[in-house]
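So the structure is just underneath, and the comments pick up after that.
Reminder, nothing fancy here: chain letters follow the sequence lines and each chain counts from 1. Not measured: the values here are computed from a predicted model.
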2 protein chains.
Amino acid sequence: MTRLPRADAVRNRRLLLAAAADEFAERGLGASVADIARRAGVGKGTVFRHFATKDDLIAAILVDRMADLSERGEGLLDAGDAGDALYEFLTAAAEQRRERDLSFLAEASESMPEVARARDRLLKAIDALVARAAEQGAVRSDITGTDVLLLMCAPVYVAEAVPGAAPDLWRRYLAIIFDGLRPEAAHPLPAEAPRL
Amino acid sequence: MTRLPRADAVRNRRLLLAAAADEFAERGLGASVADIARRAGVGKGTVFRHFATKDDLIAAILVDRMADLSERGEGLLDAGDAGDALYEFLTAAAEQRRERDLSFLAEASESMPEVARARDRLLKAIDALVARAAEQGAVRSDITGTDVLLLMCAPVYVAEAVPGAAPDLWRRYLAIIFDGLRPEAAHPLPAEAPRL
DNA sequence: CACTAAACGGACCGGGCGGTCAACTTGCTA
DNA sequence: TAGCAAGTTGACCGCCCGGTCCGTTTAGTG
């Protein structure tokens, strides 16, 4: 059998992921591996022992976050009102991103299979939430889970552009965007729904 | 009197701005000054003669773009249907950004007074468009020009996240978001409207 | 407790970046 | 057309980054 990982290695990996998430959130993509290592209280070499490249580290962070969101979405699937459940899910997604904006990490780790797998799971949960909401007439029936996955990020993105904004400004834009998903649509949807 | 700038200097400045916009659009914020100079057919030193720092160059690009949009918005102020005018303006804004996404330049040049001035002019035009649309009942009356300035960027932002997307996918999200602005609101707006 | 493979640390390397500068060229003016 | 300020150029500087490497430390094992 393969040996179990050493206890200190497990601990350091966790410290590294947490430190990296904080550092990226504060300094953006340009945060240096050396700073991350220092923040985790670890040597720079240790970072590269756990994650072959900076991009691998980024991917690992993203996978963790998407897994958290997936769990949340799956837990909301048996809620009574499907519209409320969807709204609540979108709120949770916005809150996660609000706490630490790591959206810029996505482009650095496109095309990593582990990230793709995590995103597929997330999309599956959202698909189910949207389908139920559409059945119950809470949202228009021509939007897809992918639409919602994409729009999910918009409220915080929009609110972030305001320098000294109230911390819950994103709620304002979530309300507006969710209103745009209602069944009584004024505008037909141009362009086909995207896939993935 | 102060001397007029030399003809070649004027030409090079224009070449530089165009080359820089292209280069940034293709390579992101990390595009190097050396590459921009090469693309403009000019020495690296010339870049710094025209723009003291990389950030000054970025600011100049942004000012140009915002001025273009402002002009467009101001021209739409005497259109018959204010709702259509607003929709058309948002379409123009999305198209500009779709052609070349330079959104990431904004954070590099926050707090530059020239950029602030250009943005103020743009905001003024949007305020007027939104006020007219609200008067005519095309949009809900509790949204502000600032809201629209912020939301304006969302459709392209959202559509960009899809790798091989149709080039006009953003129209889909513009339709959804514009629907969210209609007067028949389902959700009250949480959080106050932001300023600036 | 002794031994070893796994894990760690940080000096080190090559490369690319933003920005400077002094020698050179050129458009404008009188 | 002569003269010069304005403009151009690319080699150069110092810095910091991602990634490597090897001597040292340490957690688990029998």
Side-chain angles (χ1 to χ4, degrees), chain A residues 1-62 102 104-105 107-112, chain B residues 1-24 26-62 104-105 107-112:
Chain A
M1 69 175 265
T2 64
R3 306 272 286 237
L4 287 170
R6 258 166 57 167
D8 55 344
V10 173
R11 199 198 64 220
N12 280 340
R13 193 192 150 91
R14 258 199 291 269
L15 287 175
L16 238 10
L17 280 170
D22 287 343
E23 199 70 17
F24 280 127
E26 285 175 19
R27 312 232 199 216
L29 236 194
S32 77
V33 174
D35 285 345
I36 291 169
R38 200 170 308 128
R39 185 163 191 148
V42 135
K44 189 157 68 127
T46 302
V47 180
F48 289 103
R49 161 161 293 265
H50 287 277
F51 309 97
T53 69
K54 190 182 181 180
D55 283 356
D56 284 328
L57 170 56
I58 288 171
I61 295 174
L62 248 42
L102 300 176
F104 48 86
L105 298 184
E107 65 193 86
S109 67
E110 265 181 64
S111 79
M112 299 204 101
Chain B
M1 73 172 262
T2 65
R3 305 272 285 238
L4 288 170
R6 261 167 54 170
D8 58 342
V10 173
R11 200 199 61 220
N12 280 340
R13 192 193 152 91
R14 258 198 291 268
L15 287 174
L16 238 10
L17 280 170
D22 288 342
E23 198 70 18
F24 280 127
E26 285 175 19
R27 313 232 199 217
L29 236 194
S32 78
V33 174
D35 285 345
I36 290 169
R38 200 171 306 128
R39 185 163 192 152
V42 134
K44 188 156 71 124
T46 302
V47 181
F48 288 104
R49 160 160 292 267
H50 287 277
F51 309 97
T53 69
K54 190 183 181 180
D55 283 356
D56 284 328
L57 170 58
I58 289 172
I61 296 173
L62 248 41
F104 48 84
L105 297 185
E107 64 193 88
S109 67
E110 265 181 63
S111 80
M112 300 203 100

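For the pair R11(A) CZ and dA7(C) C1', the interatomic distance rounds to 11 Å; values are reported in whole Å. We find that CZ of F24(B) is positioned 12 Å from P of dC17(C), with the value rounded to whole Å. The NZ-P distance, from K54(B) to dT20(C), rounds to 15 Å in whole Å. Whole-Å rounding puts the R6(A) CZ to dG9(C) P distance at 11 Å. In this structure, CG of L57(B) is placed 10 Å from P of dG18(C), rounded to the nearest angstrom. Nucleotide dA6(C) holds its C1' atom 13 Å from the CG atom of N12(A), rounded to whole Å. In this structure, the CZ atom of R49(A) is 7 Å from the P atom of dC8(C), given to the nearest Å.
The shortest distance between the side-chain N/O atoms of H50(A) and the OP1/OP2 oxygens of dC8(C) is below 4.0 Å.
In this structure, the separation between CZ on R6(A) and CG on N12(A) is 10.0 Å, given to the nearest 0.5 Å. Expressed to the nearest 0.5 Å, how far CG of L62(A) lies from OG of S109(A) amounts to 4.5 Å. In this structure, CD on E110(A) lies 7.5 Å from CD on E107(A), to the nearest 0.5 angstrom. Remark: F104(A) CZ to L29(B) CG distance equals 12.5 Å, nearest 0.5 Å. Considering CD1 of I36(B) and CZ of R27(B), their distance stands at 10.5 Å, rounded to 0.5 Å. To the nearest 0.5 Å, the span separating CG on D35(B) from CG on D22(B) amounts to 13.0 Å.
T46(B) comes within 4.0 angstrom of a base, heavy atoms only.
A heavy-atom distance below 4.5 Å is not found between the side chains of L57(B) and H50(B).
Chain A approaches DNA chain D over the interval dC17(D) to dG28(D), counting the first and last nucleotide 5' to 3' with an atom under 4.0 Å from its heavy atoms.
Only one option out of L102(A), T53(A), L105(A) pairs with I58(A) in a side chain to side chain contact (heavy atoms under 4.5 Å, CB included); it is L105(A).
If you check residues 34-45 of chain B against DNA chain D, the residues with a heavy atom closer than 4.0 Å are V42(B), G43(B), K44(B), G45(B), listed by number.
Of the two residues contacting DNA chain C, namely D55(B) and R13(A), the nearest-nucleotide position lying further toward the 5' end is that of R13(A).
Heavy-atom contacts from other residues, nucleotides or ligands closer than 6.0 Å to CD of E26(B) number more than 12.
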